[in-house]
Amino acid sequence: MAEQITPRAKDYSQWYIDVVLQSRLADYAPVKGCMVIRPRGYALWEKMRERLDVMFKETGHQNAYFPLLIPESFLRKEAEHVEGFSPELAVVTHAGGEKLEEPLVVRPTSETIIWAMYKKWIQSWRDLPLLINQWANVVRWEKRTRLFLRTTEFLWQEGHTAHATAEEAQEETLRILMVYKKFAEEYMALPVLAGIKSESEKFAGAVRTYAIEGLMQDRKALQAGTSHNLGQNFAKAFEVTFQTKEGGLDHVWATSWGVSTRLVGALIMAHSDDRGLVLPPALAPTQVALVPIFTNKNKTEVLGYAGKLAARLRAAHTVELFDDDQSSPGWKFAEAELSGIPVRIEVGPRDMEKGQVVLVRRDTLEKIPVPEKETESRVKSLLDDIQAGLFHRALAFRKENTRRIDDYEEFRGFMEGDGGFAESGWCGDAACEAKIKDQTKATIRVLPLGREPPEDRRCVCCGEQAKEIAVFAKSY
RNA sequence: CGGGCUGUAGCGCAGUGGUUAGCGCGCUCGGUUCGGGACCGAGAGGCCGACAGUUCAAAUCUGUCCAGCCCGACCA
C-alpha cells in the first residue's frame, strides 16, 4: 500500500501538501522556504510556459534576460516600490572574498534594472512601444511559505513595456489581463474574475493593478496573475524620456505584468481530488495512460497489442505505456490517477476477444468500453469533453459559492461559515475595507471590470452610497 | 517575529533510566501472481537533530542551541 492522501474534507491544507509530494510534482529543499520542482512539476510548468510564450509573441512581445543581481540603490529610486519590497529582500553584501562597495539585492522583480536599461534604449517615439518579457526566477523572503503558492524563490515571467501615451499603456495593461484570463479559462480550465485591485492591494509603484482571481475548492480566492499600469512612476524615477512626434519631450508610460509557478498550485487546488491530481488535457504532460492487463501466459500478445495501440495514439497525443510486469494493474490505475493523467485505457485479454478497449476518464472515473477501431477518435473527443467538463464544473462551483451580500451581519456569517465570493457594495473608503479585513479576514479580491454600481447599492460595511461593487473573499 | 507541537532506518511511527533499539510501508534477491494499490521466503539499511550536563548506566532525565510543522502577525 502506498501512502494515503489526506481527504480534502478532513484537512484541506494537508491534502494539498500530500498531493504535491505524492504525485512528485515537488519536494521540500534543504533551504528553508524553498522547494525543488521535480520533473513532473516542471513538465507542467513547461506546458504552461510554452502556451503563454506563444500568446505573448502573438501580441508583439519579445523575450530578453536581465541580471539576477540589482544594485541596492536602484530599488530606492521609486519610493513606494522600495517600501513595498524592502521587508522581503535578500541582499548580497560580500563577494569574491570582499565586502562589496554597494550591496546587491537578489531581484524580487525587475522593474528597476529594466528601467535603468530602458533609459539607454529609448530616445524617440520611434523606439516605442518597447515590449519585452523575461522568464526568470525571483526571490522574496517570505515568513510563511507553501509549496508552489508562496516560496522564497519562484519562477515566473515578467513583462515590461514602455509606451508613448497613457492610453496605450492602459490598453496594454488590459490586453495582457485578457491574455491571462483566456489562458486560465481555456487551458487551465479555471474560471477567473478579472478586475482592478483596491488601493491597499495595489503593486508597490503602480498606478493601477489588475488581477485575475480564481476560487479554489476550499472557497478561498487565489490571485493567479497581475497586470499593472505603472503610469510614469518608473519613467520619472529613472528619467526615461522620449521626443514626441510633435518635437516635445515626455516621460514614457509603462506597464508590467506577471504569472508564476503559483499557477501550478492554482491548477492543483481547482480540480484535483482525494485520489490525486486532476489535470486538464490541454496542459497535462501525459494525456493518456495505457495499462495493459496481462499474465505470464498472455504477456507477449497483450503487450504487442498495447504497443501497437500506443504507437497509433502517439500520432496525436502524449501516451505513457505502463508495460512493466512488476506492479499489478491496480497499482498502475492508482498511479495514473495520482498523476492526473486525463484518460486511462485498459486493454486485457477480455478486451482483445471483444475487439474493444476500455477508456476511463480521470475527472469522473467513468469507464467507457469502445470498439478498438474507434480508439483514436473516441480518445480525442473524450479529452475535449474532459477539458470542457473541468471548466464547467469549476464554473458551477464558483456560481454556487458566489453570493450577493449587502447586509454586514450576513457578510460576517458568510465569511465565518463556508465562505466564497461575496459581491458587495463598497463606499470606496479604505477604512471600511480595513475594518472588514480586521473583523472577517476577507479582503477585496477585485472590483470586477465592466460592472457599474447600481444607484441603490449601499456599502456593506458603513451603509453609505456604494461607489463600487467589490468581490470579497478570504484568500491565499 | 510571538504561541503551540515535533525531531529515532528512505517515509510513517513505537520505544519514559538497565543486554545486541523495534514495527509498518518502501528498497534488494528468488519464486508464485496479475481486470482496482498482490503474496510467500530470504536480505540490506540507525553517531536515536546538535552540544553540554546528571548518573555505575541516557533514545529515555536537565539545560542550551538548531531544524521542521501548525496557529497568529506579515505578505503585489
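Lettering follows sequence order; numbering is per chain, from 1. Here the structure is a predicted model, which means the values were calculated and not measured.
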Sticking with atom [atom1], work out how far [N] lies from [M], rounded to a whole angstrom.
N      : M      : atom1 : answer
C65(B) : C74(B) : P     : 27 Å
G31(B) : G68(B) : C1'   : 43 Å
G18(B) : U32(B) : P     : 47 Å
G45(B) : U6(B)  : P     : 31 Å
A38(B) : C34(B) : C1'   : 7 Å
U8(B)  : C69(B) : P     : 14 Å
G15(B) : C51(B) : P     : 25 Å
C23(B) : G43(B) : P     : 13 Å

Measure the acute angle between the ring planes of [X] and [Y], then classify it against the limits of 30° and 60° as parallel, tilted or perpendicular.
X       : Y       : result
F234(A) : F238(A) : parallel
Y187(A) : F183(A) : parallel
F56(A)  : W135(A) : tilted

| E335(A) and R24(A) ion-paired at < 4.0 Å | yes
| Basic-acidic side-chain contact under 4.0 Å: R378(A), E372(A) | no
Does any nucleotide pair with [N] by Watson-Crick or G-U wobble geometry, both distances under 3.5 Å, and what is it?
N      : result
C47(B) : none
C56(B) : G18(B)
C23(B) : G12(B)
U33(B) : none
C75(B) : none
U28(B) : A42(B)
C5(B)  : G68(B)

Give me, pair by pair, the N or O atoms of the protein and of nucleotides 68-72 of chain B that are less than 3.5 Å apart, along with how far apart they are.
| residue | atom | partner | partner atom | Å |
| --- | --- | --- | --- | --- |
| G68(B) | OP2 | K32(A) | NZ | 3.4 |
| C71(B) | OP2 | R144(A) | NH2 | 2.2 |

| task | Applying side chain to side chain donor-acceptor pair (under 3.5 Å), name anything that partners Q232(A), two or more places apart in sequence or on another chain. | result |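 Per chain and number, Q232(A) pairs via side chain to side chain donor-acceptor pair (under 3.5 Å) with D250(A).
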| query | Can you name the side chain to side chain donor-acceptor pair (under 3.5 Å) partners of D27(A), sequence neighbours left out? | reply |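 In terms of side chain to side chain donor-acceptor pair (under 3.5 Å), with neighbours along the sequence ignored, D27(A) is linked to no residue.
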| request: Return yes if a side-chain donor-acceptor contact under 3.5 Å exists between H61(A) and Q157(A), otherwise no. | output: no
Could you tell me whether [X] contacts a base, only the sugar-phosphate backbone, or nothing, with contacts defined as non-hydrogen atoms closer than 4.0 Å?
X       : result
T209(A) : nothing
W156(A) : base
K297(A) : nothing

| Atom OG1 in T161(A), atom CH2 in W257(A): separation rounded to 0.5 Å? |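 Rounded to the nearest 0.5 Å, the OG1-CH2 separation comes to 7.0 Å.
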| said: Among residues at least two apart in sequence or on other chains, which ones pass side chain to side chain contact (heavy atoms under 4.5 Å, CB included) with Q14(A)? | reply: T6(A), D11(A), I17(A), D18(A)
| Partner residues of S110(A) under the side chain to side chain contact (heavy atoms under 4.5 Å, CB included) criterion, sequence neighbours left out | R107(A), I113(A), I114(A), Q134(A), E158(A), H160(A)
Taking [atom1] from [X] and [atom2] from [N], how many angstroms apart are they, rounded to a whole number?
X       : N      : atom1 : atom2 : result
D438(A) : A73(B) : CG    : C1'   : 12 Å
E142(A) : A73(B) : CD    : P     : 15 Å
K299(A) : U33(B) : NZ    : C1'   : 13 Å
E335(A) : G26(B) : CD    : P     : 13 Å

| message | By nearest heavy atom, map K437(A) and A334(A) onto RNA chain B; which one lands nearer the 5' end? | response |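 So the residue in question is A334(A).
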| task | Take I293(A) and S475(A), find for each the nucleotide of RNA chain B with the closest heavy atom, and name the residue whose nucleotide sits nearer the 5' end. | result |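 This one resolves to I293(A).
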| task | Residues of residues 222-236 of chain A with any non-hydrogen atom less than 4.0 angstrom from an atom of RNA chain B: list those, numerically ordered, please. | result | Q223(A), T226(A)
| Can you list, by residue number, the residues of residues 336-351 of chain A that have a non-hydrogen atom closer than 4.0 angstrom to RNA chain B? |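 Of all residues in residues 336-351 of chain A, the ones placing a heavy atom under 4.0 Å from RNA chain B are E337(A), R344(A), E346(A), G348(A), P349(A), R350(A), D351(A).
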Pairs under 3.5 angstrom, nitrogen or oxygen only, protein versus nucleotides 38-42 of chain B, please.
| residue | atom | partner | partner atom | Å |
| --- | --- | --- | --- | --- |
| A38(B) | OP2 | S328(A) | OG | 2.4 |

For residues 430-438 of chain A, run the donor-acceptor check on the side chains, cut-off 3.5 Å, and write out each pair with its distance to 0.1 Å, sequence neighbours left out.
| residue | atom | partner | partner atom | Å |
| --- | --- | --- | --- | --- |
| E433(A) | OE1 | S200(A) | OG | 3.4 |
| E433(A) | OE2 | S198(A) | OG | 2.5 |
| E433(A) | OE2 | S200(A) | OG | 2.7 |

| said: Listing request: all ring pair (Phe, Tyr, Trp, His ring centres under 6.0 Å) pairs with a residue in residues 191-215 of chain A, at least two apart in sequence or in separate chains. | reply: H81(A)-F203(A), F85(A)-F203(A), F203(A)-H228(A)
| field | Check: C34(B) base within 3.5 Å donor-acceptor of D325(A) side chain | value | no
| Is there a donor N/O on one and an acceptor N/O on the other, under 3.5 Å, for the side chain of K367(A) and the base of G36(B)? | yes
| request: Could you pull out all residues at least two apart from K236(A) that satisfy salt bridge (Lys or Arg N to Asp or Glu O under 4.0 Å)? | output: none
| Which side-chain hydrogen bond (donor to acceptor under 3.5 Å, both in side chains) pairs, counting each pair once, include a residue from residues 260-269 of chain A, with sequence neighbours left out? | none
| Given the side-chain rings of F472(A) and F411(A), with only the six-membered ring counted for Trp, is the space between their centroids under 6.0 Å? |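 For F472(A) and F411(A), the ring centres are under 6.0 Å apart.
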